[in-house]
Amino acid sequence: MADSLYRGRFAPSPTGPLHFGSLVTAVASYLEARSRGGTWLVRIEDLDPLRESAEATQRILASLDAHGLHSDEPVRFQSECHARYHKLIEQLRDQGLAYRCACSRKQLREHGGRHPERCREGHAEPGERPFAIRFALHDEHCQWQDQLLGPQSQQVQAELDDPVILRKEGFYAYQLAVVADDIDQRITHVVRGSDLLDMTAQQQQIYQALGGRPPHWMHIPVIVNAEGQKLSKQNHAPALDDRLAVGNLKQALTALGQDATLLSGASDIDTLLSRAAATWAPERIHLTAR
Ligand code: GLU
């Protein structure tokens, strides 16, 4: 069914070139958007210059292009959005929903996750010391519906789970930026790996604090290697060979449980992707792999 209000996105962090696991996520979010007549965006989540590189960004964008996965609007780079994140953090601090925290990991561990300096209540401003800024969660038994996994319930614990939104090194953190941009880009549907499932309830609280409505969520299984670890740069997942784009796409569709026989005649990328969108059936994604 065409849904021109549908806005989805693929939002990789450029820690390395695109590998098979990230291609599977990109393809799933692309096909979900296309099959619903929606808009699909690419956003580069380049917040951490110590782990990410401009070279990885360029390689990811080139790989997406080689696989026919073109963003419908100009690609957004989070490294160009710092001023907006800064403003949002100030706004959250004014609302009493974010606080400066100089507690070390060791201190937090020793206090069972509580903040010994009582920074959450504003009792200890760090002064000249390096500090992070955390979002102040509230206790919640959060229930929501995942479009693939069905009903979800997550316990959010105030203070113990409070996520960092500005790191001590001065970098804006994923939890804030992902929500800020999904709101700003009017994303209605998020399709992403189930390794991010645990973040969802916290992110919904950040949506609400920033005045946004959380999107519909679909978490798909992550692709694992022979040792059962998520494919990632840390696990030395090989970069995709862009010259084999048709074969890579077919493998990604098979990993997503789609009917390969419907695709057998498709030998070029555009035919393959349009046929895959026309026959896309997310309910075929293997439940066992989650
Ligand atoms: N940038 C995140 C990652 O590469 C994904 C963010 C998201 O899809 O919510 O893991």
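Predicted, not measured: the structure shown is a model, and the values here were computed from it. Counting convention: from 1, in listed order, for ligands and their atoms alike.
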Show me which atoms of ligand 1 lie under 4.0 Å from any heavy atom of [X].
X	result
Val178	9 (O)
Leu196	5 (C), 6 (C), 7 (C), 8 (O), 9 (O)
Glu45	1 (N), 2 (C), 5 (C), 6 (C)
Arg9	7 (C), 8 (O), 9 (O)

Indicate, with yes or no, if the rings of His86 and Tyr172 have centres closer together than 6.0 Å.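 Between His86 and Tyr172, the centre distance exceeds or equals 6.0 Å.
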Flag the pair [X] and [Y] as a salt bridge only when some basic side-chain nitrogen lies within less than 4.0 angstrom of an acidic carboxylate oxygen.
X	Y	result
Glu121	Arg118	yes
Asp48	Arg167	yes
Asp184	Arg76	yes

Single-linkage hydrophobic cluster, 4.5 Å side-chain cutoff, Leu253 and Ile285 together: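 Hydrophobic grouping puts Leu253 with Ile285.
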[atom]: the protein heavy-atom neighbour that sits closest, reported with distance to 0.1 Å:
atom	answer
atom 5 (C) of ligand 1	Ala11 O, 3.4 Å
atom 9 (O) of ligand 1	Arg192 NH1, 2.9 Å
atom 3 (C) of ligand 1	Ser13 OG, 3.6 Å

Q. Say you draw a straight line from CD1 of Ile60 to CD of Glu55; how long is it, rounded to the nearest 0.5 Å?
A.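 Spacing of CD1 (Ile60) from CD (Glu55) equals 10.5 Å.
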Going by heavy atoms, is Phe10 under 4.0 Å from ligand 1?
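Phe10 does not count as a contact of ligand 1 under the 4.0 Å cut-off.
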